[in-house]
Asks: 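Take a look at this one; I'll ask things after.
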Amino acid sequence: MIAVPIKTIAIIGAGDGGCAAAAQLAQRGFDIRLYGRSRATTEPLSATGGIEYEGALGEGFAPLSLITNDAGTAITGADLVLIMVPTHAHEDVARTIAPHIAPRQVVMAAPGHTLLLIPNTIRKAGGRLGIYCDSSSLPFICRKSAPGRINITRAAQILYFAVFPGEKVAAVAEDVRQVFPQIEPTPSLLHTVFPYTNAIHHPPALLLNVGRVESTGGDYHHYYDGITPSVGRLIDALDAERLAVAAALGVRIEPLPQFFFRMGYTNTAGRDGGTAYEVFHNSEPNRWIKAPATIDHRFLNEDVPYGLVAIAELGHVAQVPTPCADAVIEIASIVAGRSYRRDGLTRDRMGIGAMTVSQVTSLLGTGHVAGI
């Protein structure tokens with residue numbers, strides 16, 4: 001099987017993940033066009049014509065061929081359209097890019113794990129979508145250290161990868177490996193939903209330290225200081241629910257300790273300890289990451305409605321109870337003053353409505369459901 005050459009990549013999103021990908025892929029010789037929705041985000045990059053980087057890539061500067069607030073300019077003629085925005089922005093971004101998508105282009109969300117939200121939105125907006133695929137997470141642990149500088153502390157050693165419909169995964173993976181050689185193809189988009197482990201560790205770690213965040217402005221290390229043995233036990237309980245729902249839907253995933261070890265995010269002590277506490281206390285890439293300065297942060301605003309709500313909703317499909325996820329969703333909604341369940345990734349927004357397990361599996365594998 002011969003891969004279709006990918007040379008020009010339109011990266012949609014100029015935040016942490018988008019800038020990390022732009023720097024790394026430009027460094028590797030791809031022609032990178034970077035689109036950002038906000039001028040405030042792109043202006044520091046436009047001023048220098050690229051991105052300064054530090055950390056796992058070394059130190060340097062990656063010039064970019066285009067930095068723009070015009071989605072059409074970035075997308076037209078690109079071989080790969082790479083969506084790298086938070087999941088709560090997937091729907092808005094899908095509507096923005098829809099008029100500019102051509103059937104020959106591969107559209108990939110990294111991270112994805114919103115099931116059919118993006119492809120359905122693009123098509124409803126009149127977009128001529130050809131291939132849609134996604135990964136389970138960002139390809140990097142990264143944070144901006146300045147408006148025009150990205151610090152990449154670790155590149156993921158594995159990215160679970162899926163295509164819609166799933167039966168096309170082998171062919172599409174051949175193409176995408178040119179960009180992300182660490183992808184591991186999976187049978188369907190369901191298989192990139194459950195490895196989204198941010199959903200099970202970010203919300204409880206922030207909620208159980210909410211007083212500390214609000215009194216100190218986040219002046220502590222989120223993972224190392226904030227995940228104590230007691231906090232870790234709640235993460236472990238959420239992980240058990242994630243594993244149970246996935247298994248009922250025919251998806252085999254690893255518990256958090258093994259998964260983080262395979263990703264390169266914890267060491268053998270973290271893996272063998274078998275608990276979230278041991279995972280994060282042996283996670284060098286996460287060791288020095290500071291806590292959010294406020295609870296108005298993606299650790300709640302993204303990871304609850306687009307992570308825990310999705311797990312709970314899929315639990316309904318699989319008839320698996322999710323009492324811990326339900327409790328965290330409810331408490332987070334009260335604390336943040338938002339209705340995360342109402343605004344989150346419901347079954348309708350995932351594109352599966354009232355389908356049964358077998359109907360969901362058929363749809364994601366073949367693109368249609370017999371008899372519907």
Asks: What are the two closest heavy atoms between Pro204 and Leu234, and how far apart are they?
Replies: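 Shortest heavy-atom separation between Pro204 and Leu234 comes out as CB-CD2, 3.6 Å.
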
Asks: Just wondering, do Ile158 and Gln182 contact through their side chains at under 4.5 Å, heavy atoms?
Replies: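 No, side chains not in contact.
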
Asks: Considering residues at least two apart in sequence or located in another chain, which fulfil the side chain to side chain contact (heavy atoms under 4.5 Å, CB included) criterion with Ser65?
Replies: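 Residues passing side chain to side chain contact (heavy atoms under 4.5 Å, CB included) with Ser65: Asp31, Arg33.
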
Asks: If we only count heavy atoms from C-beta on, is the Thr68 to Leu34 side-chain gap below 4.5 Å?
Replies: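 No, their side chains stay 4.5 Å or more apart.
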
Asks: Does anything in residues 293-349 form a ring pair (Phe, Tyr, Trp, His ring centres under 6.0 Å)? List the pairs, not counting sequence neighbours.
Replies: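 Qualifying pairs, neighbours excluded: His202-Phe299, His222-Phe299, His297-Phe299.
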
Asks: To the closest 0.5 Å, what do you measure between CG (Leu82) and CD1 (Ile32)?
Replies: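 It is 8.0 Å, given to the nearest 0.5 Å.
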
Asks: Are any of the side-chain heavy atoms of Glu241 and Pro323 separated by less than 4.5 Å?
Replies: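 Side chain of Glu241 against side chain of Pro323, heavy atoms only: contact under 4.5 Å found.
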
Asks: Side-chain donor-acceptor pairs under 3.5 Å in residues 114-122, sequence neighbours left out?
Replies:
unit_1, atom_1, unit_2, atom_2, d
Thr114, OG1, His90, ND1, 3.0
Asn120, ND2, Leu116, O, 3.4
Thr121, OG1, Leu117, O, 2.6

Asks: Which atom pair, heavy atoms only, marks the closest approach of Phe260 to Thr197?
Replies: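 Looking at all heavy atoms of both residues, the shortest contact is CE1-OG1, 3.4 Å.
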
Asks: Using every non-hydrogen atom in the two residues, find where Val245 and Ala318 come nearest and quote the distance to one decimal.
Replies: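 Val245 and Ala318 have their closest heavy atoms at O-CB, 4.4 Å.
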
Asks: Does the pair Glu278/Arg271 count as a salt bridge with the N-to-O cut at 4.0 Å?
Replies: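 Salt bridge absent between Glu278 and Arg271.
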
Asks: Within a strict 4.5 Å, meaning less than it, do heavy atoms of the Thr356 and Val317 side chains meet?
Replies: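 Side-chain contact under 4.5 Å: no.
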
Asks: Asp296 and Arg338: salt bridge (charged side-chain N to carboxylate O under 4.0 Å, His left out), yes or no, with the steps?
Replies: CA-CA 10 Å; Asp296 185 16; Arg338 302 183 178 209; 2.9 Å; yes

Asks: Can Thr216 and Asp219 be counted as having a side-chain donor-acceptor contact under 3.5 angstrom?
Replies: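 Distance-only check fails for Thr216 and Asp219.
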
Asks: Residues two or more places apart in sequence or in another chain: which of them pass side chain to side chain contact (heavy atoms under 4.5 Å, CB included) with His221?
Replies: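 So His221 forms a side chain to side chain contact (heavy atoms under 4.5 Å, CB included) with Tyr224, Asp225, Arg287, Trp288, Lys290.
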
Asks: Just wondering, do Leu159 and Ser137 contact through their side chains at under 4.5 Å, heavy atoms?
Replies: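 Counting from C-beta outward, Ser137 and Leu159 do come under 4.5 Å.
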
Asks: Using 4.0 Å as the upper bound for N to carboxylate O, is an ion pair formed by Asp239 and Arg233?
Replies: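 Looking at Asp239 together with Arg233, the answer is no, because their closest N to O distance does not fall below 4.0 Å.
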
Asks: Would you kindly say whether Glu54 and Ser145 are connected by a side-chain donor-acceptor distance under 3.5 Å?
Replies: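 On atom types as modelled, these side chains qualify, holding a pair under 3.5 Å.
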
Asks: Between Arg177 and Glu184, is there a salt bridge with N-O shorter than 4.0 Å?
Replies: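 Judged by the 4.0 Å cut-off on N to carboxylate O distance, Glu184 and Arg177 do not form a salt bridge.
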
Asks: Between Thr275 and Asp236, does any side-chain donor sit less than 3.5 Å from a side-chain acceptor?
Replies: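 Side-chain D/A pair, Thr275 to Asp236: absent.
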
Asks: Out of curiosity, Met108 CE to Asp175 CG, how far, rounded to the nearest 0.5 Å?
Replies: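 Rounded to the nearest 0.5 Å, the CE-CG separation comes to 12.0 Å.
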
Asks: Heavy-atom count around Lys144 NZ within 6.0 Å, excluding the residue itself: above 12?
Replies: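 Yes, because the 6.0 Å sphere around NZ of Lys144 holds more than 12 heavy atoms from other groups.
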
Asks: Of the non-hydrogen atoms in Ala10 and Ile75, which two are nearest, and what is the gap between them?
Replies: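 Heavy atoms only, the tightest pair is CB-CA, 4.0 Å.
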
Asks: Identify the two heavy atoms, one from Leu256 and one from Arg242, that lie closest to each other, and give their separation to 0.1 Å.
Replies: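 The pair with the smallest heavy-atom distance is N-NH2, 3.7 Å.
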
Asks: I want to check something: taking the side chain as every heavy atom from C-beta on, are Met355 and Leu363 in contact at a cut-off of under 4.5 Å?
Replies: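 A side-chain contact exists here, since the closest heavy-atom pair is under 4.5 Å.
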
Asks: Under a 3.5 Å threshold, yes or no: a donor from one side chain and an acceptor from the other, between Thr87 and Glu302?
Replies: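 Short answer, yes.
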
Asks: With no hydrogens and no angle check, just 3.5 Å: does a side-chain donor-acceptor pair link Ser230 and Thr228?
Replies: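 No.
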
Asks: If I take atom CD1 from residue Ile289 and atom OH from residue Tyr223, how far apart are they, to the nearest 0.5 angstrom?
Replies: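 One gets 5.0 Å once the value is rounded to the nearest 0.5 Å.
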
Asks: Is the closest side-chain heavy-atom distance between Leu308 and Leu238 below 4.5 Å?
Replies: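 The answer is yes; the side chains approach within 4.5 Å.
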
Asks: To the nearest 0.5 Å, what is the distance between CD1 on Ile11 and OH on Tyr35?
Replies: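 Ile11 atom CD1 to Tyr35 atom OH measures 14.0 Å (nearest 0.5 Å).
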
Asks: If you compare all heavy atoms of Asn198 against all heavy atoms of Arg298, which two are closest, and at what distance to 0.1 Å?
Replies: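 Closest pair (atom of Asn198, atom of Arg298, distance): ND2-NH1, 4.4 Å.
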
Asks: Rounded at 0.5 Å granularity, tell me how far CG in Asp134 sits from OG1 in Thr192.
Replies: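 The OG1 atom of Thr192 is 3.5 Å from CG of Asp134, to the nearest 0.5 Å.
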
Asks: Taking side chain to side chain donor-acceptor pair (under 3.5 Å) as the criterion, tell me which of Gln178, Gln105, Arg104 meets it with Asp79.
Replies: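 The passing option is Arg104.
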
Asks: Applying side-chain hydrogen bond (donor to acceptor under 3.5 Å, both in side chains), name anything that partners Thr96, two or more places apart in sequence or on another chain.
Replies: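 Checked Thr96 against side-chain hydrogen bond (donor to acceptor under 3.5 Å, both in side chains); zero matches.
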
Asks: I would like to know whether Phe280 and His201 meet ring pair (Phe, Tyr, Trp, His ring centres under 6.0 Å); could you show each step before the answer?
Replies: CA-CA 10 Å; Phe280 288 104; His201 65 77; 4.9 Å; yes

Asks: Quick one: which residue pairs count as a ring pair (Phe, Tyr, Trp, His ring centres under 6.0 Å) with a foot in residues 106-129, not counting sequence neighbours?
Replies: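 For residues 106-129: His113-Tyr196.
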
Asks: Once you round to the nearest 0.5 Å, how far does CG of Asn151 lie from CG of Leu57?
Replies: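 Rounded to the nearest 0.5 Å, the CG-CG separation comes out at 9.5 Å.
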
Asks: Assess the residue pair Thr266 and Asn282 against the criterion (side-chain hydrogen bond (donor to acceptor under 3.5 Å, both in side chains)); give the C-alpha distance rounded to whole Å, side-chain angles, the decisive distance to 0.1 Å, and a yes or no.
Replies: CA-CA 6 Å; Thr266 194; Asn282 288 280; 5.4 Å; no

